[in-house]
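Report on the structure given below.
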Amino acid sequence: RVLFRSVRALAANGNDLYCGGYLYNGRYAATLWKNSVPLYTFDDGSNMVWVKSVAVEGNDVYSLVYSNNVSMSKDIVCVYRNREKIFQTEDYSQCTNLVVKDGHYYLVLGTTDRADIYADGRKTKSLAIPSGSNDFGISISEAALCGSDLYVLGAYGKNPVIWQNGEPMYILPKDYTNHESLSVVP
């Protein structure tokens with residue numbers, strides 16, 4: 001018997017709805033549902049594991065799975081294409097949503113002091129620090145593709161920032177601190 005379930009991500013493809021999240025029955029199991037029927041379960045043995053983002057292109061379903069082994073304070077970020085793991089890192093504690101276009105996948109991974117853009121599992125660029133900023137600490141929230149441009153929403157210190165291809169494009173005023181309630185749609 002499942003005690004608890006949580007949906008954290010949605011994607012649609014035609015008439016199909018994909019939902020990602022987790023089931024909890026004494027331990028967490030990252031789960032991807034298709035039209036309310038479990039499609040895949042991802043379990044790496046961590047204390048907490050869930051599907052954070054889902055993207056669908058053609059016949060391929062991409063899942064961004066985030067896990068945290070609380071007792072070891074270790075964060076793991078994995079990308080799956082269908083059931084196959086195609087990427088994993090243990091160096092980052094933050095990750096944005098998964099973006100897929102033309103068979104390529106993109107995400108931004110971060111720590112408290114840096115954030116890096118990944119394309120197809122390879123680091124391509126780090127997010128640039130806004131010039132003249134005296135604040136410290138970087139956080140990332142969301143990514144979106146428009147043509148060949150990747151936009152990232154996050155913050156440096158207390159300033160919400162939108163980056164375009166890794167360069168600061170727009171910096172919101174310091175008093176607008178709730179960047180996680182925003183969305184980036186190019």
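When reading the values below, keep in mind they use all heavy atoms of this one structure, side chains included, and skip hydrogens, waters and symmetry mates.
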Residues two or more places apart in sequence or in another chain: which of them pass side-chain contact (heavy atoms from CB on, under 4.5 Å) with [X]?
X	answer
N35	D16, L17
S67	D44, S46, V49, I76
A55	Y62, V100
T41	A29, T31

Distance-only check: which donor-acceptor pairs under 3.5 Å involve side-chain atoms of residues 77-84, not counting sequence neighbours?
unit_1, atom_1, unit_2, atom_2, d
N82, OD1, V61, N, 3.0
N82, ND2, D60, OD1, 3.0

Taking atom [atom1] of [X] and atom [atom2] of [Y], what is their separation to the nearest 0.5 Å?
X	Y	atom1	atom2	value
Q164	D149	CD	CG	4.5 Å
K101	Y106	NZ	OH	8.0 Å
I129	R114	CD1	CZ	11.0 Å

Taking atom types as modelled and ignoring hydrogens, do the side chains of T124 and R122 form a donor-acceptor contact shorter than 3.5 angstrom? no
Q. Any side-chain donor-acceptor pair under 3.5 Å between D116 and S126?
A. yes
Centre-to-centre under 6.0 Å for Y66 and W50, is that the case here? yes
Shortest non-hydrogen pair, S53 vs A9, comes out as CA-CB, 3.6 Å
Shortest non-hydrogen pair, S93 vs T111, comes out as OG-CA, 4.0 Å
### Message
Can you classify the ring geometry of Y118 versus Y92 as parallel (below 30°), tilted (30 to 60°) or perpendicular (above 60°)?
### Response
perpendicular
Those residues at least two apart in sequence (or on a different chain) that pass side chain to side chain donor-acceptor pair (under 3.5 Å) with K125 are E167
Do the side chains of L153 and W163 get nearer than 4.5 Å, heavy atoms only?
no
